[in-house]
*Asks:* 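Quick one: structure below, then a few questions.
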2 protein chains.
Amino acid sequence: MSAASQQERRREKRAQVQRTILDATETLLLEGVDSFSIRRLVERCGYTAPTIYHHFKDKEGLLDTLLDERFSRLGDKIRRIPQGDDPVSYLRAVALAFVRFGIRNPNHYQLLFVRDPDQAPPPTVDAARVQLETVWVELWDAGRLRTGDRESAAQSLWSLCHGLISGRIHRQDADWSKTLIEDSIDAMLRGLIAPPAKRTRRRKKDA
Amino acid sequence: MSAASQQERRREKRAQVQRTILDATETLLLEGVDSFSIRRLVERCGYTAPTIYHHFKDKEGLLDTLLDERFSRLGDKIRRIPQGDDPVSYLRAVALAFVRFGIRNPNHYQLLFVRDPDQAPPPTVDAARVQLETVWVELWDAGRLRTGDRESAAQSLWSLCHGLISGRIHRQDADWSKTLIEDSIDAMLRGLIAPPAKRTRRRKKDA
DNA sequence: GGACCACTGTAACGCCGTTAGATAGACTGA
DNA sequence: TCAGTCTATCTAACGGCGTTACAGTGGTCC
């Protein structure tokens with residue numbers, strides 16, 4: 001067998017070991033952020049600590065890899081939302097997707113957004129953010145933003161989403177209103193964005 | 001000297017020791033949530049670990065005591081805000097006070113709202129919440145809430161405040177809009193609450 | 001065969017929260 | 001006054017954590 005195939009096989013083996021470690025990490029994480037520790041991971045995945053440190057920089061690095069994987073799925077999902085005619089319903093859909101994701105993946109969300117401040121968001125999430133940016137610019141140019149500052153409009157919606165998720169995560173017991181997520185996002189959008197000027201020629205389909 | 005006075009003196013001594021421990025805790029906490037540990041507190045305050053555990057149940061209990069003190073100040077501040085004529089500007093003032101407090105006391109805020117979900121908020125904060133409740137009821141009865149659910153209106157504003165603070169805490173580096181806090185609270189209130197019905201007899205002073 | 005390299009293991013280090021048990025001193029009642 | 005009790009404090013340890021120095025092992029390459 002050729003040297004190239006040997007190398008190939010080694011790479012595969014390596015990837016497979018890392019996969020095993022990552023999967024065990026994932027499993028452990030699903031039992032709660034606090035359930036995860038390197039020692040427990042060691043018990044669970046069959047490898048010893050130095051092996052894990054051989055494949056990943058440290059605990060942080062291991063979790064980063066996992067989060068990148070998971071959040072890139074969110075990024076894809078958001079990027080696949082059709083932009084359509086109406087920027088407001090587009091923003092609504094994105095915000096809803098984001099909040100639902102955060103609530104469904106509380107442990108991952110916490111790790112990503114509640115850890116060290118110098119932690120950069122994964123590229124796919126950042127890409128989604130950039131994509132949103134253009135929508136806000138569009139609304140600003142159309143004179144539809146009620147805030148004096150374009151930045152503050154985007155950040156307002158983001159802050160609300162973060163608050164919704166983080167409230168749900170940290171106070172699971174509280175009796176949150178069933179319609180809270182939709183209601184609050186709608187209210188925020190109403191408050192931020194004025195309806196389009198009346199004098200547009202063509203009629204819009206109700207999206 | 002009387003037995004009563006002896007007891008009194010002992011109580012004072014006890015209170016003073018606890019004060020010392022709490023103050024050292026506070027100092028340590030101001031250096032960051034992560035800077036705080038019982039071992040470091042022990043180095044700092046001159047007492048040994050068992051002494052601390054003699055006066056406080058455990059780490060959690062110690063922090064609880066400190067947070068109760070600190071947050072009761074917030075509760076007082078909020079309860080002192082004049083309710084005035086206009087419920088909207090009252091809600092605005094309360095929300096602003098809350099957010100500013102959170103941003104100014106990030107470590108305390110984190111400890112209180114980001115710890116175990118079963119953690120109850122201190123009584124003074126809860127009192128403030130109850131006081132707010134009446135304002136929402138009033139608005140609801142006047143038919144001014146745009147949400148289908150009274151609960152969701154209150155929770156929307158709260159979620160936003162939480163998001164604003166927690167965003168600031170976890171992404172200090174990000175370039176937050178200077179007007180974000182006011183802008184977003186105003187937007188949320190605009191989106192949640194309709195202007196009062198026109199057919200009121202008396203004119204209002206512009207508050 | 002020998003040098004190199006990726007991989008994995010043993011055993012330890014220095015943190016952490018917490019506690020069992022001893023000691024000292026002050027108060028209490030006979 | 002003296003034994004008994006209670007409070008406050010200490011020394012020393014336990015079990016957990018993330019991490020790493022170091023050794024061994026088994027392949028790959030010259």
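Just so we're on the same page: letters track the sequence lines, and every chain starts at 1.
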*Asks:* Without placing hydrogens or testing angles, list every side-chain donor-acceptor pair under 3.5 Å for residues 182-195 of chain B, not counting sequence neighbours.
*Replies:*
residue	atom	partner	partner atom	Å
B/E182	OE2	B/R100	NH2	3.1
B/D183	OD2	A/S152	OG	2.6
B/D183	OD2	B/T179	OG1	2.9
B/S184	OG	B/L180	O	2.9
B/S184	OG	B/I181	O	3.2
B/D186	OD1	B/R92	NE	2.6
B/D186	OD2	B/R92	NH2	3.1
B/R190	NE	A/G191	O	3.0
B/R190	NH2	A/G191	O	2.7

*Asks:* To the nearest Å, how far apart are B/D34 CG and D/dC17 P?
*Replies:*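 That distance rounds to 18 Å.
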*Asks:* Give the residues of residues 52-59 of chain B touching DNA chain D, defined as any heavy atom closer than 4.0 Å, sorted by residue number.
*Replies:*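 The answer is B/H54, B/H55.
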*Asks:* Ignoring hydrogens and angles, tell me if any N or O in the side chain of A/Q110 forms a donor-acceptor pair with the backbone of A/H170 under 3.5 Å.
*Replies:* no
*Asks:* To the nearest 0.5 Å, what is the distance between CD1 on A/I52 and OG1 on A/T25?
*Replies:* 7.0 Å
*Asks:* Please walk me through it: do A/W136 and A/Y90 pass ring-ring contact (aromatic ring centres under 6.0 Å, His included)?
*Replies:* CA-CA 11 Å; A/W136 289 111; A/Y90 175 64; over 10 Å; no
*Asks:* In terms of side-chain heavy atoms of B/Y47, which of D/dG18, D/dC10, C/dT8 is nearest?
*Replies:* D/dC10
*Asks:* Quickly work out the B/E60 CD to C/dC16 P distance and round it to whole Å.
*Replies:*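 Result: 17 Å.
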*Asks:* Calculate the interatomic distance between A/R11 atom CZ and C/dC7 atom P; express it in whole Å.
*Replies:*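 Value for this atom pair: 12 Å.
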*Asks:* Can you tell me how far CG of A/N105 sits from CZ of A/F71, rounded to the nearest 0.5 angstrom?
*Replies:*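 These two atoms lie 7.0 Å from each other.
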*Asks:* Could you tell me how far apart B/I38 (CD1) and C/dG17 (P) are, to the nearest whole angstrom?
*Replies:* 6 Å
*Asks:* Which nucleotide wins on minimum distance to the side chain of B/R14, given the candidates C/dC7, D/dC10, D/dA8?
*Replies:*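 Of the candidates, D/dA8 comes closest.
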*Asks:* Among A/L139, A/V137, A/L145, find the one that has a side-chain contact (heavy atoms from CB on, under 4.5 Å) with A/D141.
*Replies:* A/V137
*Asks:* In plain terms, say whether A/E31 and A/R44 are close enough for a salt bridge, that is, a side-chain N and a carboxylate O under 4.0 Å apart.
*Replies:*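 A/R44 and A/E31: salt-bridged.
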*Asks:* Reading nucleotides 11-16 of chain D from the 5' end, what letters show protein touch, with B for base, S for backbone sugar-phosphate only, - for no heavy atom under 4.0 Å?
*Replies:* B-----
*Asks:* Using atom CD of A/E12 as one end and atom C1' of C/dA6 as the other, report the distance to the nearest whole Å.
*Replies:*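 Taking CD of A/E12 and C1' of C/dA6, I get 17 Å after rounding.
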*Asks:* Looking at B/R80, B/R79, B/R73, which one forms a salt bridge (Lys or Arg N to Asp or Glu O under 4.0 Å) with B/D76?
*Replies:*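 Testing each of B/R80, B/R79, B/R73 against B/D76, the sole residue satisfying salt bridge (Lys or Arg N to Asp or Glu O under 4.0 Å) is B/R79.
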